[in-house]
**Q** 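The following block contains the structure, expressed as structure tokens.
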Amino acid sequence: MMRKLLFVVMAVLAVTTACGSNAGTDNSKSEKQESMETKETTKVVHLTKDEFLQKVYNYEKNPNEWKYEGDKPAIVDFYATWCGPCKMLAPILEELAKEYDGQIVVYKIDTEKEPELSAAFGIRSIPTLLFIPKSGDPQVAQGAMPKASLKKAIDEFLLGKQ
């Protein structure tokens, strides 16, 4: 159902399988402290299913028509905390969210915490990025993408710059 609705062009771009290493990092901070610090400095917005329905697309209300709920173009990152390529992509998305602050919104959806959203969009591999222009149909890319490719997609597809 969602596949027909989205008319998504699947593009596999620069899939990265290398895992990041935590060697030499200070792991003394509690998870709660890190979470609080991240919320204070991040421009990336983590979404639940209910928030997704309000801010991105209410597929329950509009099952047969894509209707973007946002007021700025967006990227939705479907990820998992255990995924190496997702961990590599996360800081790049943070940088881009800050760089394009006010022009686009970057959302993240934890596929482990929101399995219904993952199923609704047919997410079978992670990371999967959903690029949503202000108007028109979204596009999907699978795999970790380099920053230059993400910037090109943002500038050309989301913001319409040439």
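Position 1 is the first residue of the sequence; numbering continues from there. Both backbone and side-chain heavy atoms feed into the values below; hydrogens, waters and symmetry mates do not.
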**Q** Once side chain to side chain donor-acceptor pair (under 3.5 Å) is applied, do any residues pair with Glu95, and if so which ones, sequence neighbours excluded?
**A**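 In terms of side chain to side chain donor-acceptor pair (under 3.5 Å), with neighbours along the sequence ignored, Glu95 is linked to Lys147.
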**Q** Given Tyr59 and Asn64, is the side-chain hydrogen bond (donor to acceptor under 3.5 Å, both in side chains) satisfied, shown in steps?
**A** CA-CA 8 Å; Tyr59 56 87; Asn64 298 316; over 6 Å; no
**Q** I want to check something: taking the side chain as every heavy atom from C-beta on, are Lys108 and Val45 in contact at a cut-off of under 4.5 Å?
**A**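 Lys108 vs Val45: side chains apart.
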**Q** To the nearest 0.5 Å, what is the distance between CD1 on Ile109 and CD on Glu51?
**A**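 If we round to the nearest 0.5 Å, Ile109:CD1 and Glu51:CD are 9.5 Å apart.
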**Q** Do the side chains of Tyr79 and His46 get nearer than 4.5 Å, heavy atoms only?
**A**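 In contact.
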**Q** Indicate yes or no for a side-chain donor-acceptor contact from Glu114 to the backbone of Lys49 under 3.5 Å, with no hydrogens or angles considered.
**A**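 Looks like yes, one N/O pair under 3.5 Å.
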**Q** What pair of heavy atoms forms the shortest contact from Pro138 to Leu130, and how long is it?
**A**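 Looking at all heavy atoms of both residues, the shortest contact is CB-CD1, 3.7 Å.
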**Q** Which distance, rounded to the nearest 0.5 Å, do you find between the CG of Leu150 and the CG of Leu93?
**A**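 Here the interatomic distance stands at 6.0 Å.
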**Q** Mind checking side-chain contact (heavy atoms from CB on, under 4.5 Å) for Asn58 and listing every partner two or more places apart, or none if nothing turns up?
**A**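 Partners of Asn58 under the side-chain contact (heavy atoms from CB on, under 4.5 Å) test: Leu53, Glu60, Lys61, Glu69.
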**Q** If you define the side chain from C-beta out and look only at heavy atoms, does anything of Ile75 sit under 4.5 Å from Ile132?
**A**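 No, too far: nothing below the 4.5 Å cut-off.
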**Q** Does some side-chain heavy atom of Leu129 sit less than 4.5 Å from a side-chain heavy atom of Leu89?
**A**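 Yes, side chains in contact.
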**Q** Verify, without hydrogens or angle tests, whether Lys43 (side chain) and Val105 (backbone) share a donor-acceptor contact under 3.5 angstrom.
**A**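 Side chain of Lys43 to backbone of Val105, a donor-acceptor pair under 3.5 Å: no, none is there.
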**Q** Will you find, in the side chains of Tyr100 and Asp155, an N or O donor that is under 3.5 Å from an N or O acceptor?
**A**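 Yes.
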**Q** Just checking Phe78 against Tyr107, ring centres under 6.0 Å apart?
**A**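 No, ring centres 6.0 Å or more apart.
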**Q** Side chains of Asp77 and Val106: does their closest heavy-atom pair fall under 4.5 Å?
**A**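 Asp77 vs Val106: side chains apart.
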**Q** Drop me the distance from Asp101's CG to Lys98's NZ, to the nearest 0.5 angstrom.
**A**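 Asp101 CG to Lys98 NZ: 10.0 Å, rounded to 0.5 Å.
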**Q** First locate atom CD1 of Ile126, then atom CD of Gln142, and finally report the distance between them rounded to the nearest 0.5 Å.
**A**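 Here the rounded value is 11.0 Å.
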**Q** Answer yes or no: is there a side-chain heavy-atom contact under 4.5 Å between Ile104 and Lys72?
**A**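 No. Closest side-chain heavy atoms not under 4.5 Å.
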**Q** Describe, in one word, how the ring planes of Trp66 and Tyr57 are oriented to each other, choosing from parallel (under 30°), tilted (30 to 60°) and perpendicular (over 60°).
**A**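 Rings of Trp66 and Tyr57: tilted, as their planes differ by 30° to 60°.
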**Q** Give, for atom NZ of Lys113 and atom OG1 of Thr81, the distance between the pair rounded to the nearest 0.5 Å.
**A**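 Here the rounded value is 7.5 Å.
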**Q** What class does the angle between the rings of Phe157 and Phe131 fall in, given that below 30° is parallel, 30 to 60° is tilted and above 60° is perpendicular?
**A**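 Perpendicular.
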**Q** Yes or no on side chain to side chain contact (heavy atoms under 4.5 Å, CB included) for Leu159 and Gln103, after CA distance, side-chain angles and deciding distance?
**A** CA-CA 8 Å; Leu159 299 177; Gln103 299 175 65; 3.4 Å; yes
**Q** Are the side chains of Pro127 and Cys86 in contact, using a 4.5 Å heavy-atom criterion?
**A**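 Yes, their side chains come closer than 4.5 Å.
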**Q** Please find the pair of heavy atoms, one from Pro133 and one from Tyr68, that lie closest to each other, and give the distance.
**A**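 Looking at all heavy atoms of both residues, the closest pair is O-CD2, 3.9 Å.
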